[in-house]
A.B. asks: 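Have a look at this one.
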Protein chains: 2
Amino acid sequence: MARIVSSKNTTKKEVIIKKAAILFRKKGFAASSMRELAESIGVEASSLYNHIGSKIELLQSICFKVANDFTIHLNEIENTTSPVVSKLENIIRFHINMMLNNYDEVFVANHEWKQLEEPFLSNFLNQRKIYESRLIELVNQGILKKEFKNIHPQVAVLTILSAVRGLEFWHRHKKNVKIKELESNILDHLLNGLIRK
Amino acid sequence: MARIVSSKNTTKKEVIIKKAAILFRKKGFAASSMRELAESIGVEASSLYNHIGSKIELLQSICFKVANDFTIHLNEIENTTSPVVSKLENIIRFHINMMLNNYDEVFVANHEWKQLEEPFLSNFLNQRKIYESRLIELVNQGILKKEFKNIHPQVAVLTILSAVRGLEFWHRHKKNVKIKELESNILDHLLNGLIRK
DNA sequence: GAATTAAACTAATAAGCGTTAGTTTTGTAA
DNA sequence: TTACAAAACTAACGCTTATTAGTTTAATTC
């Protein structure tokens, strides 16, 4: 009768959620079973229900934790008086680091949000939409202040978000490129096509 | 007893594969059932098996059709003598158009390949790896020929592929932006940070 | 050491899954 | 009209699913 190991600062629920993120990232939410999850932890499936409510609740926890982290960071950035280009750079760096440090969770939030049920699905999409709108507004400010070229801000934002999302693939190539080098390369690629010369 | 409708140029199998792509894109492969697929076509689930082998075979067809389309196009491009920047532009435009014209299939190939079984999984990943290697080599040529800045070619390729992949999201915003405008915006964003000035 | 609580276990549930077998209907060609 | 083939149907198979109920074990508290 092996118990779920959990140190002082993490509850057993948090252990389960972390393992769920790993499993959902590897196999996808729908293709992951509670038995598999339990096995990866070392208990029976039914034992999980002493700590969590349901499978779908695990997905909810993962998705909204990630969404909230991004929202909170954007709040902080907006409350500074830096140039727009610095703000955008800061945001891009945050995305890159979230992807590298919370790989499983960010991946799951990006790929498995579709499996959320209402009203969580709508909430999640709404939160993401608002986040994007705020980024678009930021780029727009950069254009008005002549920091950026006169591009379509909506396209720019989605290009940036997509490019940063592509860091998913760097978990495959991790050995070949240094993280900091990677970060500056992507930033250079994305910004120098954007910043007025 | 409704029959599967199919015009002269499309077999019933192709109709099923197309509907499968739509369903898999919307709900994910694992979360899609054969009964749902059948319903979207207007027959019973078992009737599908007069035309197809299995559920997983549908995913295989979709994934490898997309992969082959990209490979074939790259073959054609490599057999021309254009400047590297033109080749790359051509490839980016092809990606954009594949995404816009074969949305469901490209989406499924991008997101659901994980659910493939061996040996198809390995074949698919290998084909993708080779494709990326050829793009990296192309960018490398551009650097050697001084057409591009001295960036990390591997990072550049993944940034480009990821950014183009982000066109997925434009099916949400389709009304707001014209396709051609979108295409040139993305190209400008990606290339003008790359091309030597 | 006894009592209590936390958290594991076993067993079972009902529902849904992909797929198959066997049968019936439909469309086509002789 | 008859014969044949294509493609639909119904019914069922065995399996897996998430989840629940009830029980037992382990850890904690008194």
Side-chain angles (χ1 to χ4, degrees), chain A residues 1-21 23-24 26-63 108 112 114-118 120-121, chain B residues 1-21 23-24 26-63 108 112 114-118 120-121:
Chain A
M1 200 178 275
R3 295 212 148 193
I4 298 175
V5 284
S6 64
S7 57
K8 231 174 200 170
N9 299 327
T10 55
T11 67
K12 310 205 176 189
K13 184 170 185 173
E14 285 167 342
V15 172
I16 296 173
I17 292 174
K18 177 66 209 180
K19 289 284 187 179
L23 182 64
F24 295 169
K26 278 190 197 151
K27 304 198 53 173
F29 174 77
S32 301
S33 76
M34 295 300 277
R35 285 167 178 80
E36 279 179 293
L37 175 58
E39 194 183 12
S40 81
I41 295 171
V43 295
E44 292 298 316
S46 53
S47 303
L48 299 173
Y49 290 86
N50 288 314
H51 306 281
I52 62 154
S54 63
K55 185 190 179 188
I56 195 77
E57 191 189 284
L58 290 172
L59 184 62
Q60 289 160 16
S61 300
I62 295 166
C63 289
V108 169
E112 303 296 330
K114 276 189 190 184
Q115 312 293 337
L116 289 172
E117 295 169 355
E118 295 295 356
F120 301 97
L121 180 57
Chain B
M1 199 177 278
R3 296 214 148 193
I4 298 176
V5 281
S6 63
S7 59
K8 231 175 202 169
N9 299 328
T10 56
T11 67
K12 310 201 175 190
K13 184 170 185 173
E14 286 167 340
V15 171
I16 295 173
I17 292 174
K18 177 67 209 177
K19 288 284 188 180
L23 182 64
F24 294 169
K26 277 190 197 152
K27 304 199 54 174
F29 174 77
S32 301
S33 77
M34 295 300 277
R35 286 168 176 82
E36 277 179 294
L37 175 58
E39 194 183 13
S40 81
I41 295 171
V43 295
E44 293 298 318
S46 54
S47 304
L48 299 173
Y49 289 86
N50 288 313
H51 306 282
I52 62 154
S54 64
K55 185 189 180 190
I56 195 77
E57 190 188 283
L58 290 172
L59 183 62
Q60 290 160 15
S61 301
I62 295 166
C63 289
V108 169
E112 303 296 331
K114 275 189 191 185
Q115 312 293 337
L116 288 172
E117 295 170 355
E118 293 295 354
F120 300 98
L121 179 58

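Labels below follow one simple rule: chain letters A, B, ... track the order of the sequence lines, proteins then strands, and each chain is numbered from 1.
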A.B. asks: Atom CZ of B:Phe29 to atom P of C:dG18: distance rounded to whole Å?
C.D. replies: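 For the pair B:Phe29 CZ and C:dG18 P, the rounded distance is 8 Å.
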A.B. asks: For the helix from C:dG1-D:dC30 to C:dA30-D:dT1, measure the angle between the helix axis at one end and the axis at the other, each built from five pairs, rounding to 10°.
C.D. replies: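 It comes to 10° between the two terminal axes.
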A.B. asks: With respect to B:His51, which candidate in B:Ile16, B:Val43, B:Ile17 satisfies the side chain to side chain contact (heavy atoms under 4.5 Å, CB included) definition?
C.D. replies: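 It is B:Ile16, the one option of B:Ile16, B:Val43, B:Ile17 that forms the side chain to side chain contact (heavy atoms under 4.5 Å, CB included) with B:His51.
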A.B. asks: Can you tell me how far OG of A:Ser61 sits from NZ of A:Lys18, rounded to the nearest 0.5 angstrom?
C.D. replies: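 Atom-to-atom, A:Lys18:NZ and A:Ser61:OG are 13.5 Å apart.
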A.B. asks: Once you round it to whole Å, what is the distance between C1' of D:dA18 and OH of A:Tyr49?
C.D. replies: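 Spelled out: OH on A:Tyr49 to C1' on D:dA18 is 5 Å.
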A.B. asks: According to the salt bridge (charged side-chain N to carboxylate O under 4.0 Å, His left out) rule, which pairs have a member within residues 42-53 of chain A, sequence neighbours left out?
C.D. replies: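 Sorted pair list comes back empty.
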A.B. asks: Under 3.5 Å, is there an N or O donor on one side and an acceptor on the other linking the side chain of A:Asn50 and the base of C:dA8?
C.D. replies: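 Such a pair exists between side chain and base.
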A.B. asks: Run the side-chain contact (heavy atoms from CB on, under 4.5 Å) test against A:Glu117 and tell me which residues pass, sequence neighbours left out.
C.D. replies: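 Here the qualifying residues are A:Ile56.
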A.B. asks: Below the 4.0 Å mark, does C:dA8 have OP1 or OP2 next to a side-chain nitrogen or oxygen of A:His51?
C.D. replies: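 Indeed, a polar side-chain atom of A:His51 lies that close.
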A.B. asks: Expressed as a whole number of angstroms, how long is the span from A:Met34:CE to C:dA8:P?
C.D. replies: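 In whole Å, C:dA8 P and A:Met34 CE are 13 Å from each other.
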A.B. asks: Considering non-hydrogen atoms only, spot the tightest contact between B:Glu112 and B:Leu59 and give its length.
C.D. replies: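 That closest heavy-atom pairing would be O-CD2, 3.5 Å.
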A.B. asks: Tell me: CD1 of B:Ile52 to P of C:dT19, nearest whole Å?
C.D. replies: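 Between P of C:dT19 and CD1 of B:Ile52: 7 Å.
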A.B. asks: Rounded off to whole Å, could you give me the CG-to-C1' distance for the B:Leu37 and C:dG16 pair?
C.D. replies: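 Atom-to-atom, B:Leu37 to C:dG16, this comes out as 16 Å.
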A.B. asks: Between protein and nucleic acid, restricted to nucleotides 10-15 of chain C and to nitrogen or oxygen atoms under 3.5 Å apart, what atom pairs and distances do you find?
C.D. replies:
{"residue": "C:dT10", "atom": "O4", "partner": "A:Ser46", "partner atom": "OG", "Å": "2.8"}

A.B. asks: What is the distance, to the nearest angstrom, from the CD atom on B:Glu39 to the P atom on D:dC9?
C.D. replies: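 Going from CD in B:Glu39 over to P in D:dC9 covers 12 Å.
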A.B. asks: Nearest whole Å is fine: how far is D:dA26 C1' from A:Lys12 NZ?
C.D. replies: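 These atoms are roughly 10 Å apart.
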A.B. asks: If you pin A:Glu36 and A:Gly53 to their nearest nucleotides in DNA chain D, which one's is more 5'?
C.D. replies: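 The answer here is A:Glu36.
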A.B. asks: Excluding sequence neighbours, so at least two apart, what forms side-chain contact (heavy atoms from CB on, under 4.5 Å) with A:Ala21?
C.D. replies: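 A:Ala21 satisfies side-chain contact (heavy atoms from CB on, under 4.5 Å) with A:Ile62, A:Asp104, A:Glu105 once adjacent residues are dropped.
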A.B. asks: Quick check on contacts: within residues 54-62 of chain B, what sits under 4.0 Å from DNA chain D by heavy-atom distance?
C.D. replies: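 Correct list: empty, so none.
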A.B. asks: Which salt bridge (charged side-chain N to carboxylate O under 4.0 Å, His left out) pairs, counting each pair once, include a residue from residues 46-59 of chain A, with sequence neighbours left out?
C.D. replies: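 Sorted result for residues 46-59 of chain A: A:Lys13-A:Glu57.
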A.B. asks: Quick one, B:Tyr49 and B:Met34 - any side-chain contact, counting heavy atoms below 4.5 Å?
C.D. replies: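 Of all side-chain heavy-atom pairs linking B:Met34 with B:Tyr49, at least one is under 4.5 Å.
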A.B. asks: Got a second to check how far A:Leu23's CG is from A:Leu58's CG, nearest 0.5 Å?
C.D. replies: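 Those atoms lie 10.0 Å apart.
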A.B. asks: Whole Å only: how far is the CD atom of B:Gln115 from the C1' atom of C:dC17?
C.D. replies: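 So the CD-C1' distance, B:Gln115 to C:dC17, works out to 15 Å.
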A.B. asks: List the residues meeting salt bridge (charged side-chain N to carboxylate O under 4.0 Å, His left out) with A:Lys19, not counting sequence neighbours, and say none if there are none.
C.D. replies: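 A:Lys19 satisfies salt bridge (charged side-chain N to carboxylate O under 4.0 Å, His left out) with no residue once adjacent residues are dropped.
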A.B. asks: Can you name the salt bridge (charged side-chain N to carboxylate O under 4.0 Å, His left out) partners of B:Glu36, sequence neighbours left out?
C.D. replies: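 Partners of B:Glu36 under the salt bridge (charged side-chain N to carboxylate O under 4.0 Å, His left out) test: B:Lys27.
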